[in-house]
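Here's the structure we're looking at; comments come further down.
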Amino acid sequence: MLRQVGLVDESNDKIVEVGLTRLMNITMDWIFSVVCAAIMGNMWVGIVFEISYALLRIYAGGYHAKNKKSCFYLTYISTLLCIISAFFVPFSIWLIVGLTMVSMVIFIKLVPVQSENKPLNRVEVKIYRRNALCIAFGEVLLLVCFLLSKKNQCANVICATFVLVAIGLIAGAKNQKSSLYHLH
């Protein structure tokens, strides 16, 4: 359809295809999160998860699966686990504080974890690090606001998001080091 109206030709067809695939994946991720959370009784948990996860992951980086199938399963299983935990895991304030603090230490030590496909230069590393840490600290403040306003499921899902991204940072950093080891 885009080809017929002259917006796509041989010079940009791959770029447009990648962009449309990415848009479809993002849309499906959002639908999955919001529907799962709505089925469990609070669609806002899915919205909070997607916003907090996407913002952190963009700048923090993390683990990248080797193929599309693995990425699909990792994405949807981890999303489902975070949303389920927000509803059914008895998060105490001390557990939230502890998990968030441990996650923040991991963030401070590791961000950004780069992709083999898109290495960052020195300036980009500084920018991504600054942005990731600012977003993380902003989300900690949001988590505190949710706790103070007794919106525990939203606080829980932000905590679960921090843990998920921290695990991804550790796995991505480990994967990156093993890849560098094999290159030398």
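- Looking only at distances, a side-chain donor or acceptor of E124 sits under 3.5 Å from a matching main-chain atom of N121.
- With sequence neighbours left out, the ring pair (Phe, Tyr, Trp, His ring centres under 6.0 Å) criterion links F87 to no other residue.
- By the 6.0 Å contact criterion, CG on L141 is enclosed, its count of non-hydrogen atoms from other residues, nucleotides or ligands being greater than 12.
- Across every non-hydrogen atom of A132 and L56, the tightest pair is O-CD2, 4.3 Å.
- Annotation: ring-ring contact (aromatic ring centres under 6.0 Å, His included) contacts involving residues 1-45, sequence neighbours excluded, comprise F32-Y76.
- A donor-acceptor pair is defined here as one N or O able to donate and one able to accept, closer than 3.5 Å; such a pair exists between the side chain of R129 and the backbone of V111.
- Paired with M40 under the rule side chain to side chain contact (heavy atoms under 4.5 Å, CB included), one option of I84, V45, V35 passes, and it is I84.
- In this structure, S33 and F49 approach most closely via the heavy-atom pair OG-CD2, 3.8 Å.
- The shortest non-hydrogen separation linking Y63 to R57 is O-NH2, 2.5 Å.
- Among all heavy-atom pairs drawn from V89 and N156, the shortest one is O-ND2, 4.3 Å.
- Legend: residues meeting side chain to side chain contact (heavy atoms under 4.5 Å, CB included) with L142, ordered by chain and number and at least two apart, are F146, I158.
- Among all heavy-atom pairs drawn from A136 and F107, the shortest one is CB-CD2, 3.9 Å.
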